[in-house]
Amino acid sequence: MENQKNSFNNFFKDFLNQEQQKAISPKNGVLLVHAGAGSGKTRVITSRIASLIINHSVDPESILALTFTNKAAKEMKERVKNFLQENTKLPYVGTFHSYCLRLLKSSKYFSKSNFSFSLIDEDDQNKIIKGLIQKHNLDKKITAKQVLSFISKIKNETHNPETSSAFLLANNIFQELYHMYEKEKSISNCLDFDDLLIKSYRLFEENPEFKAEFQQKIRHILVDEYQDTNQIQHLILKTMCLNKASENGDFAIDSLCAVGDEDQSIYSWRGATVSNMLNFKKDFKNTVSITLEQNYRSVQPILDTANSVIQNNKYRNIKNLWSDKQANDRIRVIQCASGYQEGQAISLFLKELTSITNDFNTSNAILYRSHFQSRAIEEALIRFSIPYKIIGGIQFYDRQEIKDIIAYLRLILNPFDRLAFLRIINTPTRGLGPKFEEDYLNQWDEQPFLNFKEIAQNFIENNQLTKNKLDQLKSFLEIFNDLSDQDKASNIITQIISRTNYFSYLDQNFEKEDSQSKKDNIKELINSAIFFEKNNSSFSVKEFLEEISLLQELINSNNSNNTQVYLMTFHAAKGLEFDNVMISGVEEGILPSSHSTYIHESLEEERRLMYVGITRARERLLISYTMHRTIYGQISNQKPSRFINELPDIYIKKDDCSKWPYDNFKYYFQNWINNKKYNYNFDQSYTIDSVVNKPSTSSWMIKQKVEHKVFGIGTIEKIENNALNTYLTIKFNNAIKKIDAKFLKSI
DNA sequence: CCCTTACGTGTTTTT
DNA sequence: CACGTAAGGG
């Protein structure tokens, strides 16, 4: 224990600056940390947790750390673990959503039914709304998407959506669809993501005992990425920490530490408001504000670039990031012909990088605005045999085969779950199609208090089915025989697969390759269940569903160690850092996205995306855009993004590589990478024209005589090299011209 | 009921 | 392009 204390305090003294220490050392109080990109945000939170446990002997279980994404939670968990000794208990670290789910599932104040509620994702939401629109013949008036974004909007605005201004102003159709949607969920015993937050908030506000119990247990709260919280999350935090949330009452726990950066707020489309950070001091009295400006991640030119871009935003608190890592020539901007050529350029850069530095441990990432851009890049990476890994994209739990299996699980736990039922009643196909589904739903609407088995029993007893359908329905019910929510998920899944002949259904309906990969995915799902069960003998299907329902990626997905580059969106990259970052597709209509071009606030958010992208890089930044890109199968002419013009002047002079052969790229990147040696000459400007080392091919000398086909004979006045070419300034008889050396002959 | 075909329509980001 | 929806034939 003493040992642990000493080593932590050494770390504290040696690796944390004064400002960071201010956020970490106090045991009690309210802290708001404005932390610029790379300023050690996560380090502050994790060290603070460690300090509370190690130096202040706080019980780890009275600490709650909330994040915004699963990835951040995972990362934080790991780093906290590293600080502490093996057998120390760990605090809860998770997303707002997962903590709320846990509160609701475990609370005796909330659950009223014997069956656990199911969580529905966006896909399910869509299905409910489409169903409602169809049922009420609103097809021509409204799209599911509009309704969905309306619902999400009002749910993010307040804990009581029906009183929100957006709701009151909305058209009747929207209001009615909202009510019908809520009703459908309640009949099906389902909650959506937003409900997790809203219901949790109400739990605190409506049950003083619940709140008291919570505040007795949880004494320290830490929140990461505060700029990305929405109204409800802010409210939840208030009710967790304050005596009377509605009146900004007294602080009721020991400490609260929120960390965020307005410049990295990129989730406003999901209801996140920076105002949460701005209002923080009003809502929490005696807040101590701390600003972290020293960046430990990137070399100075990269920060200059980031600052130069972000300063074009009007709505921000000015921060000035600085770094003590000086360097030179670390950013290149290239113009490519097409998305595929962009991929080629990136691939060739990566090739040179590994062959020159001979270092396979550098981390690299290719960032883009939206997933569709990855394809062209992937094609190139494959052709150059560069092992890559896509983060995000088609999420594991979004795959139809996984959703099918999960729907069976959901139905076991929640037999009122109509969405799960509709998903699988005819999957695999068993002759119970749309017509049957409609009849079934009509019956269910009349008796919503019955579960799917009881409705089926009615059908069977009333004898209204043809022989075939009757048999099929009976055998459907048999799938669920003696499967209980107490069983292990791995066993249940295996049973379902065999009882439904799911694998042969896949074989019959999909190409061999697709079918195989779907089977593999299901096996992965079983593996992940086994992984959980290994650690916890009482881990039933119930816990399994709770564990995975808020995840998108597989838990123990095998980390292939030979990945050379990661591909992901800017959003997915937030919180991560890499040695080399390639920002692709910096074109009008893509970044900024065409949806945001004419709305000032959205445009600023797009700029923040660019900013997030730039600040991911530790050492080197390759920014690219294309002249043509295939979008929706159509080739479209692209213009460089306005953000290109916001780069520091010296980078605006981009390199047009749209017609380059492979070799040119090779020399270009070799040259760039090798320049690393000359980094520490600060007087040098960053332009590639002034690169110090000459290509070895050049053998020109001042005053040397040369001949040009058109201009005749002259003498060399000046020699300039860039990465690829040598330019000579020649004095001819009656003119001075700057000419590419390859057009000249020495005499 | 299910498969095929034709058409049209719209693509951001994630818990 | 690639998905989902609508219509028609087996």
Side-chain angles (χ1 to χ4, degrees), chain A residues 66-73 94-101 119-127 130 133-134 139 143-146 148-149 152 155-156 191-198 200 225 228-230 232-233 264-272 339 367-376 391-395 397-398 400 426 428-438 466 468-469 472 508-509 548-553 568-575 585 589-597 599 602 605-606 608-610 612-613 629-636:
Chain A
L66 297 172
T67 66
F68 195 65
T69 61
N70 289 308
K71 205 158 8 101
T95 61
F96 271 95
H97 292 270
S98 67
Y99 189 70
C100 287
L101 176 65
L119 248 192
I120 57 170
D121 60 14
E122 204 183 319
D123 199 49
D124 292 324
Q125 290 181 296
N126 231 322
K127 279 186 185 153
K130 269 188 185 162
I133 289 176
Q134 231 154 42
D139 296 51
T143 67
K145 220 182 154 186
Q146 293 170 308
L148 208 57
S149 84
S152 168
K155 285 193 169 188
N156 280 311
L191 295 184
D192 63 28
F193 286 144
D194 297 323
D195 290 334
L196 292 177
L197 304 177
I198 293 176
S200 294
E225 308 280 18
D228 286 330
T229 51
N230 64 23
I232 306 294
Q233 287 164 330
Q264 292 187 71
S265 158
I266 53 176
Y267 285 95
S268 72
W269 47 275
R270 229 176 82 184
L367 309 182
Y368 36 75
R369 176 67 236 261
S370 58
H371 287 297
F372 85 93
Q373 295 172 61
S374 73
R375 265 204 205 168
I391 308 290
I394 317 121
Q395 307 288 353
Y397 291 103
D398 281 347
Q400 44 168 316
N426 204 28
T429 36
R430 47 175 76 87
L432 302 173
K435 184 78 182 71
F436 174 80
E437 283 164 29
E438 202 190 317
T466 58
N468 182 43
K469 284 185 178 161
Q472 291 286 7
Q508 280 162 27
N509 288 279
I548 64 170
S549 51
L550 284 164
L551 293 181
Q552 319 207 70
E553 291 194 64
M568 68 191 88
T569 62
F570 295 108
H571 288 88
K574 199 173 68 158
I590 291 189
L591 181 69
S593 119
S594 52
H595 299 256
S596 318
T597 316
I599 307 159
S602 317
E605 181 143 323
E606 299 288 309
R608 290 194 289 269
L609 281 173
M610 179 80 181
V612 167
R629 185 181 286 280
T630 342
I631 303 173
Y632 321 139
Q634 219 90 46
I635 294 174
S636 90

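Every chain is numbered from 1, with letters handed out A, B, ... down the list of sequences.
Side-chain contact check for A/Val612 versus A/Leu367: every heavy-atom pair is 4.5 Å or farther apart.
Closest-nucleotide positions on DNA chain B for A/Asn426 and A/Leu609 were compared, and the one nearer the 5' end corresponds to A/Asn426. In this structure, A/Ser98 and A/Gly633 both approach DNA chain B, and ranking their closest nucleotides by distance from the 5' end singles out A/Gly633.
Across all strands shown, A/Phe68 has heavy atoms under 4.0 Å from sugar-phosphate atoms exclusively, and none from any base. A/Tyr267 comes within 4.0 angstrom of the backbone, heavy atoms only, and of no base.
One interatomic measurement links the two molecules: CD1 of A/Ile631 to P of C/dC1, which rounds to 14 Å at whole-angstrom precision. Taking atom CG on A/Leu197 and atom P on B/dT14, their separation rounds to 18 Å, with Å as the unit. Distance A/Glu438 CD to B/dC1 C1': 14 Å, rounded to the nearest Å. Separating the CD atom of A/Glu605 from the P atom of B/dT14 is a distance of 12 Å, rounded to the nearest angstrom. In this structure, A/Asp192 atom CG and B/dT14 atom C1' are separated by 14 Å, rounded to whole Å. The distance between atom CD of A/Gln634 and atom C1' of B/dT9, rounded to the nearest whole Å, is 13 Å.
Listed candidates were C/dT5, B/dT14, B/dC2. Nearest to the side chain of A/Thr429 is B/dC2.
For A/Lys469, a side-chain nitrogen or oxygen approaches OP1 or OP2 of B/dC1 to under 4.0 Å. A sub-4.0 Å separation between OP1 or OP2 of C/dA2 and a side-chain N or O of A/Arg375 is present. Dashed line: the shortest gap from a side-chain N or O of A/His595 to OP1 or OP2 of B/dG10 is not under 4.0 Å. Phosphate contact (OP1/OP2 of B/dT14, side-chain N/O of A/Lys71, threshold under 4.0 Å): absent. An OP1 or OP2 oxygen of B/dT14 is reached within less than 4.0 angstrom by a side-chain nitrogen or oxygen of A/Thr569.
Classification of the A/Tyr267-A/Trp269 ring pair by plane angle, with boundaries at 30° and 60°, yields tilted.
Nucleotides C/dG4 and B/dT13 have their C1' atoms positioned 22 Å apart, rounded to a whole Å.
When the shell of 6.0 Å around CD1 of A/Ile391 is examined, it contains more than 12 heavy atoms from other residues, nucleotides or ligands.
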Full working for side-chain contact (heavy atoms from CB on, under 4.5 Å) between A/Asp194 and A/Ile232: CA-CA 9 Å; A/Asp194 297 323; A/Ile232 306 294; over 6 Å; no

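The two residues A/Leu550 and A/Phe193 make their nearest non-hydrogen contact at CD2-CE2, 3.2 Å.
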